[in-house]
Engineer: 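One structure, pasted below without further comment.
Hydrogens, waters and symmetry mates play no part in the numbers below; they use all other heavy atoms, side chains included. The first residue in the sequence is number 1, and the count goes up from there. Small disclaimer: the values here were computed from a predicted structure and weren't measured.
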Amino acid sequence: MASLEKRTRSWNVVFRFGGRKFTRSLGTGLKSEAEARVARLEENIRLVESGRLAIPEDADVATFLLSDGKLDHKIELDRPTTLAELFEAFFAALPEGNLEAKTIETLRLHVKHANRLIGGRRPANQVTQADLQDYIAARSKEPGQRGRTISAVTIKKEIASIGSMWNWGLNHSLLERPYPRRGLRYPKTRELPPFQTYDQITRRIEKGGLTAAEERDLWDCLFLSVEEIDEVLDHVRQSRRNPVVYPMFATAAHTGARRSELLRSKLHDITDDELVIHERKRDASQHTTRRVPLSPRLRRTLDEWIAIHPGGEHTFCLTSHVTNTDAQHDGPRPVTPDAANDLFRRALRGGKWSEIRGWHCFRHSFISNLARRGIDQRLIDSYTGHSTEVMRRRYTHLFPDARQQTLSKVFGGY
């Protein structure tokens, strides 16, 4: 009798014939298909044993039996799948909407580096751990942002991206062995600075001794207090920019929504007391949502915006006759990522808050302000989708009173 074994992502059949043991891949990850092929194999063995089917003398026995006697030798492919072909097959098979457009753009950038440094024409099955280690070494010497070399964090993301596509190829029988990433060594990572207030950052810069890159690193860690968020929102509202700008800023600041989540929002996601946020980051296999209560200010802001909404199902739209972006539109259209970035820069340009790097500042400020007021971490995670340990370490310093009380309970009597 033949038996099935699951190796890597495909089923193998193991059987004995003529005193020999054979193991062959069935080229499928579906158990039903594998069982059907095994049933035909066992029938062919019975036909041979009964004399109704003859195996040629020079035939490959396993191939002959598995092909119902139609093939007497293994088919050798003209050439194996190359690394570049593996990547393109992955992108071609991606279901519509499975990944964010920005995520696909990032994956293609990672593929570009892999094809350049490992070799896109190289058979994928020949890529070894040593090749990946050479890739890490080469990338770690290449220039990155702000006058630095590529960081270990970026390289790890690239290796993970290659791995996700490799595993897809393994599951679809394009590859024969697991991704050789075990034991890879990376450069030391650089810990990100903790979140800091506007005043803390400006005082540190005024002391001097920082490079331009180090100053930009500090501004990337800007944390806005509740009072500063109100100041930013008041500034944006009074700037008389495109009417969509202020409600976008208010929604980002009071819900912690990512830019992509703002642009994906639709009017029916706004209820009387909460905003439904559609996620893509938490689970790639399904669309998920989270719900964030509406603050009084955000409730008023959205009511005012809905009253003059230009039309369409998306919450945030641009019109052709009222726009501060360089692009003109024929009728209402959803705000695009590029338009959102342009609107953001224009709204804060030339003032105190021009140092805010982008929409994400409001997300980590939202998280930090909740943590600062002792909100349960589980509730914070439910509002924001997720919060990693690295992120949590960056804002725990924002509530020093609680930290001091903890130590006082232990050492307070001494």
Engineer: Work out which heavy atom in M248 is nearest to a heavy atom in A340; give both atom names and the distance.
Structural biologist: CE-CB, 4.2 Å

Engineer: Does E214 come within less than 4.0 Å of R204, counting only side-chain N to carboxylate O?
Structural biologist: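 The answer is no: the pair does not qualify as a salt bridge.
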
Engineer: Salt bridge or not between R291 and D269? Use side-chain N to carboxylate O under 4.0 Å.
Structural biologist: no

Engineer: If you look at every heavy atom in G311 and C317, which pair is closest and at what distance?
Structural biologist: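 Between these two residues, the closest heavy atoms are O-SG, 3.6 Å.
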
Engineer: Looking only at side chains, do T289 and H278 share a donor and an acceptor under 3.5 Å apart?
Structural biologist: no

Engineer: Of all the heavy-atom pairs spanning T63 and S67, show the shortest one and how long it is.
Structural biologist: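 Where T63 meets S67 most closely, the heavy atoms are O-OG, 2.8 Å.
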
Engineer: Applying side-chain contact (heavy atoms from CB on, under 4.5 Å), run through I118 and L132 and close with a yes or a no.
Structural biologist: CA-CA 8 Å; I118 300 175; L132 295 179; 4.0 Å; yes

Engineer: For the backbone of I150 and the side chain of E142, can you confirm whether one donor and one acceptor N or O come within less than 3.5 Å of each other?
Structural biologist: no

Engineer: Indicate yes or no: at least one non-hydrogen side-chain atom of R290 is less than 4.5 angstrom from one of S382.
Structural biologist: no

Engineer: Is it true that R40 and E35 have a side-chain N and a carboxylate O under 4.0 angstrom from each other?
Structural biologist: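 The answer is no: the pair does not qualify as a salt bridge.
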
Engineer: Return the set of residues passing side chain to side chain donor-acceptor pair (under 3.5 Å) with Q126 (not counting sequence neighbours), or none when no residue passes.
Structural biologist: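 Expected list: none.
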
Engineer: Between S164 and S161, do the side chains contain a donor N or O and an acceptor N or O under 3.5 Å apart?
Structural biologist: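 S161 vs S164: no donor-acceptor pair found between side chains.
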
Engineer: Just to verify, what does E228 make a salt bridge (Lys or Arg N to Asp or Glu O under 4.0 Å) with, not counting sequence neighbours?
Structural biologist: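 Here no residue qualifies.
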
Engineer: In this structure, are over 12 heavy atoms from other groups packed under 6.0 Å from K102 atom NZ?
Structural biologist: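 It does not: K102 NZ has 12 such atoms or fewer within range.
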
Engineer: Passes side-chain contact (heavy atoms from CB on, under 4.5 Å), V14 versus L4? Steps please.
Structural biologist: CA-CA 6 Å; V14 181; L4 284 173; over 6 Å; no

Engineer: Could you give the distance from OG1 (T103) to CD (E105), rounded to the nearest 0.5 Å?
Structural biologist: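 So the gap between those two atoms works out to 9.5 Å.
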
Engineer: Would you indicate whether the side-chain heavy atoms of F15 and L65 approach each other to under 4.5 Å?
Structural biologist: yes

Engineer: Taking the side chain as everything from C-beta on, heavy atoms only, tell me whether V111 gets closer than 4.5 Å to F90.
Structural biologist: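 They are not in contact (no side-chain heavy atoms under 4.5 Å apart), so the answer is no.
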
Engineer: Is V38 close to W11 at the side-chain level, that is, under 4.5 Å between some pair of heavy atoms?
Structural biologist: no

Engineer: Determine whether a donor-acceptor pair (N or O, by modelled atom type, separation under 3.5 Å) exists between the side chain of E88 and the backbone of E85.
Structural biologist: no

Engineer: Hey, are D60 and R24 close enough for a salt bridge, meaning a charged N less than 4.0 Å from a carboxylate O?
Structural biologist: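 A salt bridge links D60 with R24.
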
Engineer: To the closest 0.5 Å, what do you measure between CD1 (I201) and CD (E355)?
Structural biologist: 9.0 Å

Engineer: Go through it in stages, so that I can follow the logic: the residues are Y198 and F223, the test is ring-ring contact (aromatic ring centres under 6.0 Å, His included), and I'd like the CA-CA distance, side-chain angles, deciding distance and then a yes or no.
Structural biologist: CA-CA 7 Å; Y198 184 92; F223 146 70; over 10 Å; no

Engineer: For L86 versus T81, what's the shortest heavy-atom pair and its separation?
Structural biologist: N-CG2, 3.8 Å

Engineer: Could you state the interatomic distance from CD1 (I367) to CD1 (I375), rounded to the nearest 0.5 Å?
Structural biologist: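 Answer for the CD1-CD1 pair, I367 versus I375, is 13.5 Å.
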
Engineer: Measuring from K21:NZ to R16:CZ, what's the distance to the nearest 0.5 Å?
Structural biologist: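 Those atoms lie 6.0 Å apart.
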
Engineer: Evaluate the side-chain contact (heavy atoms from CB on, under 4.5 Å) criterion for residues D273 and L294: first the C-alpha distance (whole Å), next the side-chain angles of each, then the deciding distance (0.1 Å), finally the verdict.
Structural biologist: CA-CA 5 Å; D273 56 1; L294 296 177; 5.9 Å; no

Engineer: I need the minimum non-hydrogen distance between H254 and V292, along with the two atoms involved.
Structural biologist: O-CG1, 4.2 Å

Engineer: Does any non-hydrogen side-chain atom of L184 lie less than 4.5 Å from one of Q129?
Structural biologist: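 The answer is yes, as the side chains (C-beta and beyond) meet within the 4.5 Å cut-off.
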
Engineer: Using the rule given for side chain to side chain donor-acceptor pair (under 3.5 Å), can you reason through S151 versus T154, listing the C-alpha separation, both sets of side-chain angles and the distance that settles it, and then say yes or no?
Structural biologist: CA-CA 5 Å; S151 72; T154 297; 3.1 Å; yes

Engineer: Sort out for me which residue in W305, F362, W353 forms a ring-ring contact (aromatic ring centres under 6.0 Å, His included) with F249.
Structural biologist: F362

Engineer: Using the rule given for side-chain contact (heavy atoms from CB on, under 4.5 Å), can you reason through V13 versus E5, listing the C-alpha separation, both sets of side-chain angles and the distance that settles it, and then say yes or no?
Structural biologist: CA-CA 6 Å; V13 62; E5 292 182 354; over 6 Å; no

Engineer: Quick one about Q238 and D234 (side-chain donor to acceptor, distance below 3.5 Å, no hydrogens or angles considered), yes or no?
Structural biologist: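 Note: D234 and Q238 side chains miss the donor-acceptor criterion.
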
Engineer: Say whether, by atom type as modelled, one donor and one acceptor occur between the side chain of E261 and the main chain of R258 under 3.5 angstrom.
Structural biologist: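 Yes; at least one donor-acceptor contact below 3.5 Å.
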
Engineer: Does the R363 side chain pair with the main chain of T384, one donor and one acceptor, at a distance under 3.5 Å?
Structural biologist: yes

Engineer: Would you compute the distance between atom CG of D338 and atom CG of D342 and round it to the nearest 0.5 angstrom?
Structural biologist: 8.5 Å

Engineer: Is the side chain of H172 donor-acceptor paired with the backbone N or O of L174 at a distance under 3.5 Å, no angle test?
Structural biologist: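 Side chain of H172 to backbone of L174: no pair is present.
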
Engineer: Check for a donor-acceptor pair, side chain of H235 on one end and backbone N or O of A347 on the other, with a separation under 3.5 Å.
Structural biologist: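 Pair found, side chain donor or acceptor close to backbone of A347.
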
Engineer: Among F316, F344, F366, which one satisfies ring-ring contact (aromatic ring centres under 6.0 Å, His included) with W359?
Structural biologist: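 One option only clears the test, and that one is F344.
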
Engineer: Any luck finding a side-chain donor-acceptor pair between N242 and R346 under 3.5 Å?
Structural biologist: no

Engineer: Is there a side-chain contact between L170 and Y179 (heavy atoms, below 4.5 Å)?
Structural biologist: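 No, every pair of side-chain atoms sits at 4.5 Å or beyond.
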
Engineer: Do Q133 and I136 make a side-chain contact, defined as non-hydrogen atoms from C-beta onward lying under 4.5 Å apart?
Structural biologist: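 Touching, per the 4.5 Å side-chain cut-off.
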
Engineer: Under a 3.5 Å distance rule, please check whether Q196 uses its side chain to pair with a backbone N or O of L218 as donor and acceptor.
Structural biologist: no

Engineer: Measuring from atom CD1 of I277 to atom OG of S265, what distance do you get when rounded to the nearest 0.5 angstrom?
Structural biologist: 8.0 Å

Engineer: Looking only at atom types and distance, does a side-chain atom of S365 sit under 3.5 Å from a main-chain N or O of L224, one as donor and one as acceptor?
Structural biologist: yes

Engineer: State, yes or no, whether a side-chain contact exists between V335 and L262 at a heavy-atom distance under 4.5 Å.
Structural biologist: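 No. Closest side-chain heavy atoms not under 4.5 Å.
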
Engineer: Do side-chain atoms of T251 reach the backbone of P247 as a donor and acceptor pair under 3.5 angstrom?
Structural biologist: yes

Engineer: Are any side-chain N or O atoms of N125 and backbone N or O atoms of E176, one a donor and one an acceptor, separated by less than 3.5 Å?
Structural biologist: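 Yes.
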
Engineer: At their closest point, which heavy atom of G385 faces which heavy atom of E279, and how far apart are they?
Structural biologist: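 Shortest heavy-atom contact: CA-OE2, 3.4 Å.
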
Engineer: Test ring-ring contact (aromatic ring centres under 6.0 Å, His included) on F91 and W168; report intermediate values, then the result.
Structural biologist: CA-CA 11 Å; F91 287 119; W168 175 87; 9.7 Å; no

Engineer: I need the full list of ring-ring contact (aromatic ring centres under 6.0 Å, His included) pairs touching residues 92-137, with sequence neighbours left out, sorted by first then second residue.
Structural biologist: none

Engineer: What I want to find out is whether D230 reaches R297 closely enough, with some N-O distance under 4.0 Å, to be called a salt bridge.
Structural biologist: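 Salt bridge: yes.
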
